[in-house]
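Keep in mind that this is a model prediction, so the values were computed, not measured. Counting from 1, the numbers follow the sequence of the chain as shown.
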Amino acid sequence: MAITSAVCTSFKKELLERKHDFNVTSGHTFKLALFTSAATLGASTTAYTTTNEVVGTGYTAGGVTLTNIDPTSSGTTAFVDFADATFSSATITAAGALIYNTTTDGGSATTNAVAVIAFGADKTSTNGDFTVQFPVADATNAIVRIA
């Protein structure tokens, strides 16, 4: 089993089908869910699943809603930024995360995958904040970017 950082292939196709809208007024909700090292996630991931999702105090299945979604561009690269995601007073261990859209194509209760983030190793919090810190939002570092 492995978690590999990638923008999901299905997401790239779904962008061309207009299923994802990062405009803050669109009503689309993007979430971040955490997964254990037993998960298999990567470019071929198409949807959120509860299989090998983290379980523990301070974590709710499905993860947290991402905020500060701010599409922009620099040079010939477009990218989107998210505010850091914090799970408060959490006792959990995670090896990676999945960003997914719960409202694709204007419908609700969908789970279309956007991107996978591998942490490189298990990360643990014990009755403390577990924070996923997003990199600098620029054409080189943003988690979701189209060059």
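What you find for Ala6 and Gly42 is that their closest heavy atoms are CB-C, 4.2 Å. Closest of all the heavy-atom pairs between Leu34 and Val132 is CD2-CG2, 4.0 Å. Minimum heavy-atom separation, Ala47 to Ala113: N-CB, 3.6 Å. Summarising the geometry of Leu41 relative to Thr45, their closest heavy-atom pair is CA-OG1, 3.4 Å, with the distance given to 0.1 Å. The two residues Asn127 and Thr91 make their nearest non-hydrogen contact at N-OG1, 2.8 Å. Heavy atoms only, all atoms of each residue included: Phe134 and Leu32 are closest at CZ-CD1, 3.7 Å.
A donor-acceptor distance shorter than 3.5 angstrom exists from the side chain of Thr36 to the backbone of Ala38, with no hydrogens or angles considered. Judged by distance alone, the side chain of Thr29 and the main-chain N or O of Thr103 form no donor-acceptor pair under 3.5 Å. Between the side chain of Asp129 and the main chain of Thr131, no donor-acceptor pair closer than 3.5 Å is present. Tyr48 places a side-chain N or O within 3.5 Å of a backbone atom of Gly62 that can act as its donor or acceptor partner.
Taken together through direct or relayed side-chain contacts under 4.5 Å among Ile, Leu, Val, Met, Phe, Trp and Tyr, Phe22 and Val7 form part of one hydrophobic cluster.
The aromatic rings of His28 and Phe30 lie tilted to each other, with the angle between the two planes from 30° to 60°.
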Under 3.5 Å, which donor-acceptor pairs do the side chains of residues 65-83 form with other protein atoms, sequence neighbours left out?
none

Ignoring hydrogens and angles, write down the donor-acceptor pairs under 3.5 Å from the side chains of residues 115-125, residues two or more places apart or on other chains.
residue: Thr124; atom: OG1; partner: Thr93; partner atom: OG1; Å: 2.9
residue: Ser125; atom: OG; partner: Ala90; partner atom: O; Å: 2.8

Under 3.5 Å donor-acceptor pairs involving side-chain atoms of residues 136-147, not counting sequence neighbours:
residue: Asp138; atom: OD1; partner: Thr140; partner atom: N; Å: 3.0
residue: Asp138; atom: OD1; partner: Asn141; partner atom: N; Å: 2.7
residue: Asp138; atom: OD1; partner: Asn141; partner atom: ND2; Å: 3.0
residue: Asp138; atom: OD2; partner: Asn141; partner atom: ND2; Å: 3.2
residue: Arg145; atom: NE; partner: Thr140; partner atom: O; Å: 3.4
residue: Arg145; atom: NH1; partner: Ala142; partner atom: O; Å: 2.4
residue: Arg145; atom: NH2; partner: Thr140; partner atom: O; Å: 3.3

